[in-house]
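For reference, the structure discussed in these notes is given below.
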Amino acid sequence: MNPYKTDKIGELIKDNSYVGRGIVVGKTADGKKAAVCYFIMGRSENSRNRIFVENGEEVIIHPFDASKVEDPSLIIYSPIRVFENKLIVTNGDQTDTIYDFVKEDRGFAEALETREFEPDAPNFTPRISAMLDISEGDFTYQMSILKSADPEGSACARFTYSYPALSGLGHFIHTYQGDGNPIPTFCGEPERVFILDDIDEMTKELWENLNENNKISLYVRYVDLETGEVENRMINKNAKEN
């Protein structure tokens with residue numbers, strides 16, 4: 001097995017009906033930009049009833065139809081927040097935990113020691129997180145997954161990965177291996193994927209290869225490492241169809 005094998009992200013997700021929620025972080029092939037992608041999928045009406053909303057530099061998940069919200073605790077949160085030169089992206093309210101810790105000059109991994117997987121037995125959905133630290137025209141990034149250590153959810157296993165930013169390379173972590181009951185948790189290290197120079201091509205490759213029935217929303221952000229200029233792309237399936 002080649003440990004440096006890198007895939008097109010479209011090839012990794014196109015035949016998987018339920019990747020769950022996913023984070024991609026990396027550097028464009030031309031070495032000029034940091035890239036962050038976050039998507040959500042859903043099987044239940046409650047999960048599918050969501051849209052991304054931009055609020056300045058941050059992204060918030062809102063219900064598409066507030067009258068249909070059954071349980072907001074695990075579906076409504078801020079997946080993207082920014083503190084100074086740190087960009088945080090997660091699949092839950094641990095975004096706020098990390099934000100509060102780094103604001104106090106404490107660490108990403110330290111923040112996640114206080115959290116664990118979601119209490120949604122029998123799936124025990126993992127909490128996935130990433131943080132970019134951008135400075136002096138470059139960046140490093142960390143990724144994390146918190147998941148159940150056993151089928152009963154009796155303990156939490158925590159994994160943190162730290163990466164230098166290499167041109168054209170990104171890492172992809174997601175909550176599930178695929179569909180099932182219970183849904184099988186993501187296993188192994190974050191997957192190596194190509195990061196395209198063009199934000200629209202990257203957005204298109206992700207969105208068009210996510211399962212049509214289960215995809216909900218996608219957000220892509222590119223940050224110019226020299227100027228700090230930010231480009232965003234956002235797709236909401238609900239908003240598109242209504």
Within the 4.5 Å heavy-atom criterion, are [X] and [Y] side-chain neighbours or not?
{"X": "Tyr176", "Y": "Thr125", "result": "yes"}
{"X": "Ile13", "Y": "Lys215", "result": "no"}
{"X": "Arg127", "Y": "Glu118", "result": "yes"}
{"X": "Ile195", "Y": "Lys27", "result": "no"}
{"X": "Leu206", "Y": "Phe172", "result": "no"}
{"X": "Leu12", "Y": "Asn209", "result": "no"}
{"X": "Tyr141", "Y": "His171", "result": "yes"}
{"X": "Lys237", "Y": "Glu212", "result": "yes"}

Is the backbone N or O of [Y] less than 3.5 Å from a side-chain atom of [X], with the two atoms forming a donor-acceptor pair by type?
{"X": "Glu205", "Y": "Gly10", "answer": "yes"}
{"X": "Arg50", "Y": "Ser47", "answer": "yes"}
{"X": "Arg221", "Y": "Glu57", "answer": "yes"}
{"X": "Asp7", "Y": "Ile9", "answer": "no"}
{"X": "Thr28", "Y": "Lys33", "answer": "yes"}
{"X": "Asp138", "Y": "Leu225", "answer": "no"}
{"X": "Thr6", "Y": "Tyr4", "answer": "yes"}
{"X": "Asn236", "Y": "Ile51", "answer": "no"}
{"X": "Asn49", "Y": "Pro63", "answer": "no"}
{"X": "Asp198", "Y": "Glu201", "answer": "yes"}

So how far is it from [X] [atom1] to [Y] [atom2], rounded to the nearest 0.5 Å?
{"X": "Ser78", "Y": "Phe52", "atom1": "OG", "atom2": "CZ", "result": "11.0 Å"}
{"X": "Phe124", "Y": "Thr175", "atom1": "CZ", "atom2": "OG1", "result": "15.0 Å"}
{"X": "Ile40", "Y": "Asn214", "atom1": "CD1", "atom2": "CG", "result": "12.0 Å"}
{"X": "Asn91", "Y": "Phe39", "atom1": "CG", "atom2": "CZ", "result": "10.5 Å"}
{"X": "Asn238", "Y": "Asp65", "atom1": "CG", "atom2": "CG", "result": "9.0 Å"}
{"X": "Lys147", "Y": "Arg158", "atom1": "NZ", "atom2": "CZ", "result": "13.5 Å"}

Residue pair [X] / [Y], side-chain donor-acceptor N/O under 3.5 Å:
{"X": "Tyr219", "Y": "Asn232", "value": "yes"}
{"X": "Thr90", "Y": "Thr95", "value": "yes"}
{"X": "Asn85", "Y": "Asp133", "value": "yes"}

Minimum heavy-atom distance [X]-[Y], with the two atoms named:
{"X": "Ser17", "Y": "Met41", "value": "O-CE, 3.6 Å"}
{"X": "Arg115", "Y": "Cys156", "value": "O-SG, 4.3 Å"}
{"X": "Val59", "Y": "Pro79", "value": "O-CD, 3.1 Å"}
{"X": "Pro122", "Y": "Pro182", "value": "O-CB, 3.6 Å"}
{"X": "Ser167", "Y": "Gly31", "value": "OG-CA, 3.3 Å"}
{"X": "Ala130", "Y": "Ile23", "value": "CB-CG2, 4.0 Å"}

Closer than 4.0 angstrom, basic N to acidic O: yes or no for [X] and [Y]?
{"X": "Lys5", "Y": "Glu11", "value": "no"}
{"X": "Asp96", "Y": "Lys103", "value": "no"}
{"X": "Arg233", "Y": "Glu231", "value": "yes"}

- Just wondering, more than 12 heavy atoms not from Asn2 lying within 6.0 Å of its CG?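 Count over threshold, so yes.
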If hydrophobic clusters are built by linking Ile, Leu, Val, Met, Phe, Trp and Tyr wherever their side-chain heavy atoms come under 4.5 Å apart, do [X] and [Y] end up in the same one?
{"X": "Tyr222", "Y": "Leu218", "value": "yes"}
{"X": "Ile173", "Y": "Phe139", "value": "yes"}
{"X": "Phe194", "Y": "Val36", "value": "no"}
{"X": "Ile88", "Y": "Val24", "value": "no"}
{"X": "Phe117", "Y": "Tyr77", "value": "no"}

- Item | Member of Leu112, Thr97, Ile145 meeting the side chain to side chain contact (heavy atoms under 4.5 Å, CB included) criterion with Ser129 |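 Looking at Leu112, Thr97, Ile145, the match for Ser129 under the side chain to side chain contact (heavy atoms under 4.5 Å, CB included) is Leu112.
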